[in-house]
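To start, the structure itself, in structure tokens.
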Amino acid sequence: MPDNPEASRPSVRSTVHGYPRIGPNRELKRAGESYWKGETTAEELDGIAADLRLGVYAQLREAGVDDIPSNTFSYYDHVLDTAVLFDLVPSRFASPAAAGDRDEELRRYFALARGEQGAPPLEMTKWFDTNYHYLVPELSPSTRPRLVGDKPLAEFREAAEAGFPTRPVLVGPLTFLLLAKAADDAPEGWRPVELLDQLLDAYAQLLAGLSAAGAAEVQLDEPILATDEGRAAVGLLERVYQRLGSLTERPSLLVSTYFGSIGAPALRILKDSPVEAVGLDLVTDGEGVDDLVKVSGLGSTRLVAGVVEGRNVWRTDIPAAVAALGTLLALTDELTVSTSCSLLHVPIDLDAETSLAPELREALAFAKQKAYETALLGRVLSEGAGAEYAAGGTGGGPAFTDARVRARLDALGPDAYERPQDRGAPTDTPLTTTTIGSFPQTAELRRARAAHRRGALAEDAYKQILREEIDRVVALQEEIGLDVLVHGEPERNDMVQYFAEQLEGYATTENGWVQSYGSRCVRPPILFGDVSRPEPMTVEWITYAQSRTDKPVKGMLTGPVTMLAWSFVRTDQPLGDTARQVGLALRDEVADLERAGIRHIQVDEAALRELLPLREERRAAYLDWAVNSFRLATSGVSPSTTIHTHMCYSEFGLIVGGIEALDADVTSVEAARSRMELVQDLGRRGYKRGIGPGVYDIHSPRVPSVEEIEGSLRLAVAHIDAGSLWVNPDCGLKTRGYAEAEQALRNMVEAARRVRAELPGAR
């Protein structure tokens, strides 16, 4: 035994993979939207962004994090940043007029994300199984990757000049190419990964520039390795990192993986490559340590151990994490403690919350607190400091259970999940027009809601404002000529938070904002206990809207899977058990809506594809509980009631069977940016239920023409019987303005009228 036990302690550093970029008060959202309106100059926008970046570096240093990442900031999306950095931009977006014209650079950048007249935006979909959306690069054989930007280098220098040595973070080349799609003009069968060697040349040039600027290490993010597609690409993985690792002019390389284990074959390739460090997610599926054992540890390759959960808000159990890290020290010569992934996916600071129950608050950690936890773990292993830190929480437990909820679920029989199969058609009209749910939320409406929440607007006065808004929305829809109406959701702040505020077992935050895409931020509620519905949540507003029109009005609810996906969920029981509790609560609401005379009820499962496990072997089990929770919520209605559902931006081909199994009468889906791809999949399967492929991309300010929508509808009619087709936008209209939304809906109704007139038997 050594004379000084402390002398035998390893030197363990700490880091995080990334950090929220929106600012503690959503400064980036406000600055970006102000710039789009012409109220903020490019110089002012860039100044706000610089302040936000430097604030992050300072916060991480204050937390005690040893190695600070840079280039994790983005004005809109980090995948889009990578495409622009390497000039991987479709030809419909004109190049900037002149080098150094910052306004023109920003115009083009935001046009890629939001579109502009004559140039539809890039497709947008979910970043793996998270609620963050990325822009999908469009590539073709004529694409020529080349380094044209300097964002990673500029942000590294900016940090260095402020006294923060940082580690630049890049999207890894394999992940970038496997997430990209072939452009419409690419030959059939061509794949973006065929550009790999050219892209690696551009990465080599960037790495050389970062090395010359003094970067000691660069992080290359390869989360694609947690998927089946990534695991199958081990040959490409070896090609990438043998090439980049063999460069003579480069910093040290950290290949960071997350959202699950990557498998022993991929890990062995990284271990045997020239890269200096590998980051592993050791939280998500529990298989990362098994992979390390299978490859006999990493030896001289440094392990960046993701033991602090980066996607949920429960506090880390420090003693348990210390024990796990102690085991890992036998599997590597050098260890860095880290988060499991970027902290982009959690709110910034728990200290900003003042109304959470003390017993719940004690179990939580947001990004700032997780940075402190990560630094503490590094110190515990290096110095033995902080061993007295209390065990963290995981949500749930005896104090958060409800025996009544569990008894109701136990008493359910198989018939609670089944609807009659002899249901009639939802409508006699082919190409029935409707919207997804929300209408634009005006500044006046948001001010009224805020005043009501702080007690400055009386309940009766607030309700009168809501009724007047519903009157306006219903009248507008009738005048436009929509067939099935909605009430516009003026009373709702968010499609998940609104219900969480009314359900037992949920808590909501005041400032727990998380970026969803671009300037869109959400406040995911915290699902900490057994869920139940004390009283009706939507009946008052839906029945009022129905009283104002003879046309049918849809009841609007958020489904159980989406209520979980867009919340921070307890981890002390299986997700399927929690989903059934939410489904049971929604079943009560569906029954009340039907009793009130509502005959169209939409239960949105916007996140059904999002939560699909990244590996096929786990998907059947997921779809089983996901589908059952939806059917539990919706199967109590009579055959004459039409059940709708809606799904947001995602690639749906993998879950067509799950969509069918939901047994909804009508399913509306995103289709405008993805060129009706799902409709073709459904047509090949002989799908017979109602389907509403979105024909208007609401995430872009551009207004599609009648002719553009006509083209989409004709493509849909070519694959699906017109009697089963509904016509609707991609998603709710909450984030749009009335001027653009109204014109787009008028164009949509006119396009449906024209195509309907061409159908056989039309008069």
Side-chain angles (χ1 to χ4, degrees), residues 10 12-18 65-67 69 128-130 172 219-227 230-231 254-271 275 277-299 301-346 365 367 370-382 389 391-394 571 613-615 618:
V12 175
R13 298 181 67 80
S14 60
T15 192
V16 299
H17 286 299
V65 172
D66 295 311
D67 301 325
F128 297 90
D129 55 352
T130 76
Q219 175 179 322
L220 292 154
D221 283 355
E222 296 286 13
I224 197 71
L225 297 177
T227 70
R231 285 180 169 216
L254 160 61
V255 180
S256 177
T257 71
Y258 42 85
F259 300 148
S261 58
I262 65 173
L267 184 57
R268 185 172 289 108
I269 284 172
L270 291 175
K271 173 186 175 180
V275 305
V278 175
L280 298 180
D281 175 352
L282 301 177
V283 173
T284 298
D285 58 21
E287 296 181 2
V289 176
D290 293 339
D291 291 343
L292 284 166
V293 172
K294 289 175 183 176
V295 301
S296 302
L298 290 185
T301 302
R302 177 164 51 92
L303 171 62
V304 179
V307 296
V308 173
E309 170 64 82
R311 290 179 55 181
N312 212 331
V313 293
W314 306 111
R315 201 175 73 188
T316 302
D317 184 333
I318 297 296
V322 169
L325 289 165
T327 301
L328 293 172
L329 286 170
L331 297 171
T332 182
D333 294 344
E334 189 177 357
L335 180 70
T336 296
V337 181
S338 184
T339 51
S340 63
C341 63
S342 171
L343 296 173
L344 171 72
H345 308 288
V346 295
K370 289 177 181 291
Y372 275 95
E373 289 179 336
T374 306
L376 173 63
L377 286 167
R379 292 198 305 274
V380 169
L381 267 68
S382 293
Y389 194 96
T394 56
T571 58
L614 300 180
R615 288 161 55 192
R618 297 172 180 165

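What you see is a predicted model; the values in this text were computed from it and never measured.
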Does the side chain of Asp221 come within less than 4.5 Å of Tyr258's, by heavy atoms? yes
Could you tell me which non-hydrogen atom of Phe259 sits nearest to which non-hydrogen atom of Pro223, and how far apart they are? CD1-CB, 4.1 Å
Any non-hydrogen side-chain atom of Leu381 less than 4.5 Å from a side-chain atom of Leu329? yes
Step by step, work out the side chain to side chain contact (heavy atoms under 4.5 Å, CB included) result for Leu331 and Leu303. CA-CA 9 Å; Leu331 297 171; Leu303 171 62; 5.7 Å; no
Thr130 and Leu344: side chain to side chain contact (heavy atoms under 4.5 Å, CB included), yes or no, with the steps? CA-CA 11 Å; Thr130 76; Leu344 171 72; over 6 Å; no
Using side-chain heavy atoms (C-beta onward) and a distance below 4.5 Å, is Leu282 in contact with Leu328? yes
Side-chain donor or acceptor of Ser14 paired with backbone N/O of Asp66 under 3.5 Å: yes
Quick one: does Leu270's side chain get under 4.5 Å of Leu225's, heavy atoms only? yes
Spacing of Glu222 atom CD and Thr227 atom OG1 [to the nearest 0.5 Å]: 10.5 Å
Residue pair Val12 / Leu325, side-chain heavy-atom distance below 4.5 Å: no
Measure the shortest side-chain to side-chain distance between Thr257 and Asp281 over non-hydrogen atoms and say whether it is less than 4.5 angstrom. no
Non-hydrogen atoms of Arg315 and Glu373 that approach each other most closely: CG-OE2, 2.9 Å
Exam field: side chain Asp129 to backbone Pro613, donor-acceptor pair closer than 3.5 Å: no
Under 3.5 Å, side chain of Thr316 to main-chain N/O of Ile318, donor-acceptor pair present? no
Okay, side chain of Glu309, backbone of Arg311: is any donor-acceptor separation there less than 3.5 Å? yes
What's the separation between atom OG1 in Thr284 and atom CG in Asn312, rounded to the nearest 0.5 Å? 10.5 Å
Look only at the side chain of Lys370 and the backbone of Thr339, and say whether a donor-acceptor pair between them is shorter than 3.5 Å. no
Shortest non-hydrogen contact from Ile262 to Asp291? N-OD2, 3.7 Å
Got a donor-acceptor contact below 3.5 angstrom from the Thr332 side chain to the Thr301 backbone? yes
Has the side chain of Ser338 got a donor or acceptor atom that lies under 3.5 Å from a matching backbone atom of Val304? no
Closest non-hydrogen contact found for Ser340 with Gly310 is OG-N, 2.8 Å
Taking C-beta and beyond as the side chain, do Arg615 and Asp285 meet within less than 4.5 Å on heavy atoms? yes
Does the Arg268 side chain pair with the main chain of Lys294, one donor and one acceptor, at a distance under 3.5 Å? yes
Heavy-atom closest contact (Val295 atom, Lys271 atom, distance): O-NZ, 2.6 Å
Compare all side-chain heavy atoms of Val322 with those of Leu377 and state whether any distance is below 4.5 angstrom. yes
For Arg302 and Thr336, test the side chains for any donor-to-acceptor distance below 3.5 angstrom and give the result as yes or no. yes
Look up atom CG in Leu614 and atom CZ in Arg231, then write down how far apart they are to the nearest 0.5 Å. 10.0 Å
